[in-house]
Amino acid sequence: MLNNVERNEQSGAWVCCMPCLWLRQSKAVHKALLTFAMLLVTSLLVTSPVLFLITTLPEGDQTLECGLLDDACIRERDGPEGVCETKACYEASLKIMSSMKRGVDPCKDFYQFACGGYRDRQPYQPTSNFNTLQAQVDQQLEHMLTNKSGKMTGVFTKVGRFYKTCLEFGEKPVNFTPVYRLLNKLGGYLSPSSSAPGDITPLVAALLKMNGAPLFDFYIDTDLQDSTKFAVFLDLPIEYQINSFFQRNLDSVSRQLKGFNFVENRSKRSTSAESRAYTIIKNRKEEARIRKIQKIVERLIPIDMDPQARSLEADQLIQFCLALHKIYPRHKDLYNWMDIDHRIYVRYNLSFLQESFDYIRWGILLNDTMVNNSTADQNIRNRADYETGSENESLYYVYVTAPRYFRSLGKLLNKFPKRVIHNGLLLLYSSDTLYDIVNVTASENWNTSCYHLTKNVFSEAVGALYVQQYKPQFLETLANRVTALFERLKETLATRMLVMSWLDDDTRTQALLKLRTLRGKFHVWSGFFNDTLLARKMSEVVIDPDDFFATLLRRFKQIRTLDSQWSTKNATQNWQHQYSVNAYYESWTNSIVIPLPMMAAYSWSWEGGPAFASYATLGSVIAHEILHAFDLHHRRLPLDPDLDITFGNERWIWITPESWRRLEARIECVANLYARSFWRKVKFYGNSVDVQFDWNVTRNENVADVGALQISYQTWHTLTNGKDRSLPGLEALRPNQLFFISAAQTYCSNMTAEAYILSVELDYHTPQPERVNGIMMNSFAFTEAFRCPVGAKMNPPKKCSTW
């Protein structure tokens with residue numbers, strides 16, 4: 001099929017030092033800009049920030065027209081010609097060709113054309129190119145932890161010792177005695193004849209300090225209103241499980257599903273409902289969890305208790321655990337709640353928090369769990385103890401994630417006696433946090449479990465271990481290059497904003513201001529190279545080679561203190577786990593974060609490689625995160641008063657209600673196109689399963705996907721004039737075709753039917769191949785590149801565009 005794709009007779013190239021222009025467009029676009037500026041002036045908006053931006057931008061040049069012998073002009077416009085023949089380019093070419101599938105028409109199914117040959121080394125895992133990159137990073141770090149590379153010395157000695165102790169622990173017989181000894185220290189089992197505790201706050205505080213959070217969790221982060229201070233964020237509970245659910249219980253599911261009829265009535269299926277296949281998978285997971293809880297209950301309840309009373313007691317405890325699990329919101333619930341509330345976090349002062357959720361004494365809880373170190377933030381420490389009557393109490397805020405869950409939690413706790421709640425919390429802490437650590441036989445790969453556990457409890461040290469394999473000069477150069485790419489993409493989006501018809505003047509002004517202040521976090525935190533700081537943080541760590549469980553419990557306590565979670569200086573700079581392949585938009589700082597592994601993976605493209613290699617891949621990722629600054633969840637989040645627009649009693653960031661209604665129509669266009677185009681049946685253990693997508697849940701990501709490709713392509717095409725270097729073996733493909741193939745292969749995936757169903761139910765992103773095909777079928781440039789006829793699968797007559 002590759003030989004049948006037309007090739008452009010002209011071949012060009014690109015130079016990365018070419019200056020970025022805000023307006024490299026046609027004369028029509030330039031005239032539109034001037035007309036818009038004149039309208040602003042005549043509307044007495046001379047002082048408008050938009051006008052300021054326009055008057056300070058470079059002149060809107062046309063595409064350079066060069067003479068035949070004007071080599072300097074040609075090289076500025078098009079760059080060097082030819083095929084990239086570096087080792088990195090040969091490797092990239094082989095990777096691209098190995099993922100493609102010959103004989104597939106790109107206009108019928110572009111995902112199969114670009115990714116049909118993709119084979120991951122772990123074909124039974126829900127992996128994609130991003131997951132493969134994460135697996136490579138994990139393999140690299142695991143290799144370091146074994147000290148095969150000789151890196152586990154100095155400040156990393158204790159981390160290596162912890163990992164080694166964990167491995168040795170897996171060779172010992174399973175012993176649950178330390179678990180029950182710990183539960184006794186926390187209050188132990190309360191029998192029906194025991195007096196019930198009047199307040200569960202002390203137990204909840206004790207569990208939180210032991211890294212256990214059956215009811216809820218909290219963390220300390222930069223205050224959304226004042227970046228110079230810390231604030232408390234009350235969050236949903238986190239189950240500390242070593243192994244991913246994707247790898248669990250599938251054999252038992254397989255046996256349960258044989259002969260089961262999964263065909264569902266498409267017309268009656270609600271998009272908010274779960275698929276029957278997913279329900280069975282979820283139920284099987286819950287059954288396995290119940291069996292684990294039952295094993296702990298058998299040891300927790302005294303053996304000499306009357307058998308009937310013992311059975312009733314066990315049933316009541318399991319009912320509490322199941323009831324709590326049922327009120328945990330689904331991913332779809334969280335998404336819909338954010339859509340209704342128009343904000344991710346709801347801010348409470350301490351008095352209103354206590355009034356709203358009175359099942360916990362919040363002041364005592366926060367004071368008890370946060371004040372563990374003399375150098376803890378004085379501002380938080382003073383304000384947390386509201387019972388002292390501090391005048392500043394009303395000024396202290398707690399940010400609550402999903403308040404609806406916390407209201408449901410209060411109703412649930414009122415249904416059970418406090419004695420049962422006490423026993424249930426101990427039971428959940430044992431099953432969700434401790435069980436898999438002690439019961440090493442439950443792990444499919446204890447070495448991998450030890451790696452993930454070490455990474456979780458020594459995240460800063462492991463981050464430093466990963467970062468220090470690179471020279472600071474390389475990291476600085478890399479960050480600067482990504483910053484340049486980021487700024488070019490912003491420039492392209494700014495030019496598009498100036499001529500978008502759905503933006504009114506107020507919205508255009510605020511959107512451009514928000515875009516101008518949008519930052520990129522690409523530089524690695526300098527603290528990762530500060531061995532003195534790392535040594536100070538590791539000085540409190542004690543590794544007992546003969547008692548791994550006690551060592552882990554000590555570490556659990558340490559990571560819950562303020563000093564262990566944060567450096568009191570430069571806290572906001574340590575913005576992520578450097579080894580995580582997870583780009584994201586940070587709304588409260590109006591910043592995007594691109595992790596080091598993703599930046600480093602495409603560093604070869606700046607060393608003489610083709611421009612499309614970075615723009616189609618990393619450029620699309622960056623543009624995707626930029627657009628999240630303008631998605632539906634960030635239109636009413638009052639963080640920066642300078643960006644707020646007030647309409648009546650509502651406060652909006654960057655967009656007016658009128659513009660939002662016009663944008664919603666465009667978003668609905670994307671959702672309708674996806675709904676019409678994609679309906680998939682998958683083979684699930686021999687049965688045909690209808691998989692239906694909830695396009696309301698994925699619409700944010702879909703819109704960002706579609707817009708990101710258009711922005712990254714326009715940026716690349718503007719800078720290169722559509723000409724670029726080729727890769728060896730791929731000379732038959734034009735540069736614009738290679739651009740779209742590279743963009744698609746970012747999302748090549750190889751997942752099982754189970755993983756696909758879970759992805760549909762639990763992920764905010766559209767799964768592959770629908771994600772790739774949906775992005776491409778909305779791109780005019782794509783259909784032009786592959787000459788797709790109108791009406792073909794990949795070239796629907798109506799395309800949707802927002803940005």
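The model shown is predicted, which means the values in this text are computed figures rather than measured ones. Sequential numbering from 1 along the given sequence is applied to the chain's residues.
- The aromatic rings of Tyr747 and Phe130 sit perpendicular to each other, their planes meeting at more than 60°, with 30° as the lower class boundary.
- Ring-centre distance between Phe233 and Phe218: not below the 6.0 Å cut-off.
- Between Phe216 and Trp362, the gap from one ring centroid to the other is short of 6.0 Å.
- Among all heavy-atom pairs drawn from Glu168 and Pro545, the shortest one is OE1-O, 4.5 Å.
- Considering only heavy atoms from C-beta on, Leu145 comes within 4.5 Å of Leu465 through its side chain.
- In this structure, the side chains of Cys89 and Pro610 come closer than 4.5 Å at one or more pairs of heavy atoms.
- Atom NZ of Lys151 has 12 or fewer heavy atoms from other residues, nucleotides or ligands within 6.0 Å.
- The aromatic ring centroids of Tyr451 and Tyr163 lie 6.0 Å or more from each other.
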Take Asp705 and His624 through the side-chain hydrogen bond (donor to acceptor under 3.5 Å, both in side chains) test and state the conclusion after the steps.
CA-CA 6 Å; Asp705 281 342; His624 178 103; 2.9 Å; yes
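- Environment of NZ in Lys172: crowded, with over 12 heavy atoms of neighbouring residues, nucleotides or ligands closer than 6.0 Å.
- Cation-pi geometry between Lys514 and Phe630 is met: under 6.0 angstrom from the ring centre, within 45 degrees of the axis.
- For the pair Glu586 and Lys521, the salt-bridge criterion is met [side-chain N within less than 4.0 Å of a carboxylate O].
- Here the straight-line distance linking atom CG of Leu493 with atom CD1 of Ile711 works out to 4.5 Å at 0.5 Å rounding.
- Aromatic pair Tyr466/Tyr579: centroids not less than 6.0 angstrom apart.
- Expressed to the nearest 0.5 Å, how far CH2 of Trp604 lies from OG of Ser614 amounts to 8.5 Å.
- Under a 3.5 Å cut-off, the side chain of Asn147 and the backbone N or O of Met152 do form a donor-acceptor pair.
- Nearest heavy atoms, Ala613 versus Tyr602: O-CD2, 4.1 Å.
- Taking the six-membered ring where the residue is Trp, Phe474 and Tyr470 present parallel rings, their angle staying beneath 30° rather than reaching 60°.
- A side-chain contact (heavy atoms from CB on, under 4.5 Å) with His523 is found for exactly one of Val482, Asn480, Leu596, namely Asn480.
- A 4.5 Å side-chain heavy-atom check between Asp544 and Phe549 finds every atom pair outside the cut-off.
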